[in-house]
Amino acid sequence: MHLKLVNVTVNREAHPHAVFAVLENEKGESISVRIHLAASQNVDHLTLEGIETLAHEAARQLVP
């Protein structure tokens, strides 16, 4: 199943080391994931492609 990135939310005040992403399949079904960033990672240096990769990794951890 192919999931594409459809939404990214960054709230530095509430969650300084997290990015929230939504992945969606062709049927319109979606999964929301929280991407934990290391203290050394800066969200400003991530690309959308990089966020999508991290979101896929986070989604794999949720689905056995």
Side-chain angles (χ1 to χ4, degrees):
M1 179 184 311
H2 179 72
L3 297 172
K4 66 178 182 175
L5 184 67
V6 294
N7 189 332
V8 175
T9 303
V10 177
N11 185 334
R12 288 180 177 89
E13 291 182 24
H15 303 283
H17 299 291
V19 173
F20 297 89
V22 177
L23 298 167
E24 185 176 272
N25 68 11
E26 58 278 349
K27 295 180 183 179
E29 301 167 327
S30 64
I31 183 170
S32 298
V33 295
R34 180 178 180 171
I35 302 166
H36 298 278
L37 301 175
S40 62
Q41 287 180 300
N42 184 338
V43 70
D44 293 334
H45 297 119
L46 293 175
T47 63
L48 286 177
E49 183 177 294
I51 292 171
E52 185 170 25
T53 299
L54 293 171
H56 278 107
E57 291 172 6
R60 279 189 210 98
Q61 293 177 3
L62 295 174
V63 180

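The figures that follow rest on heavy atoms only: side chains count, while hydrogens, waters and symmetry mates do not.
- Placement of L62 and V19 within a single hydrophobic cluster is found when ILVMFWY residues are connected by side-chain heavy-atom separations under 4.5 Å, directly or transitively.
- A heavy-atom distance below 4.5 Å is not found between the side chains of H15 and T9.
- Across every non-hydrogen atom of L5 and A21, the tightest pair is CD1-CB, 3.8 Å.
- A donor-acceptor pair under 3.5 Å is formed between the side chain of N25 and the backbone N or O of E29.
- Rounding to the nearest 0.5 angstrom, the gap separating the CD1 atom in I31 from the CG atom in L3 is 7.5 Å.
- No side-chain heavy atom of Q61 sits under 4.5 Å from any side-chain heavy atom of V33.
- In terms of hydrophobic clustering, with Ile, Leu, Val, Met, Phe, Trp and Tyr side chains grouped at heavy-atom distances under 4.5 Å, V22 and I51 are assigned to different clusters.
- To the nearest 0.5 Å, the span separating NE2 on H36 from NE2 on H17 amounts to 12.0 Å.
- Rounding to the nearest 0.5 Å places CG of L46 at 13.0 Å from CD of E52.
- In the hydrophobic clustering of this structure, I35 groups with V8; members are Ile, Leu, Val, Met, Phe, Trp, Tyr whose side-chain heavy atoms approach within less than 4.5 Å, directly or through other members.
- In L48, the CG atom is not crowded: 12 or fewer heavy atoms of neighbouring residues, nucleotides or ligands sit closer than 6.0 Å.
- Here NZ of K4 is found 11.0 Å from CG of L23. Values are rounded to the nearest 0.5 Å.
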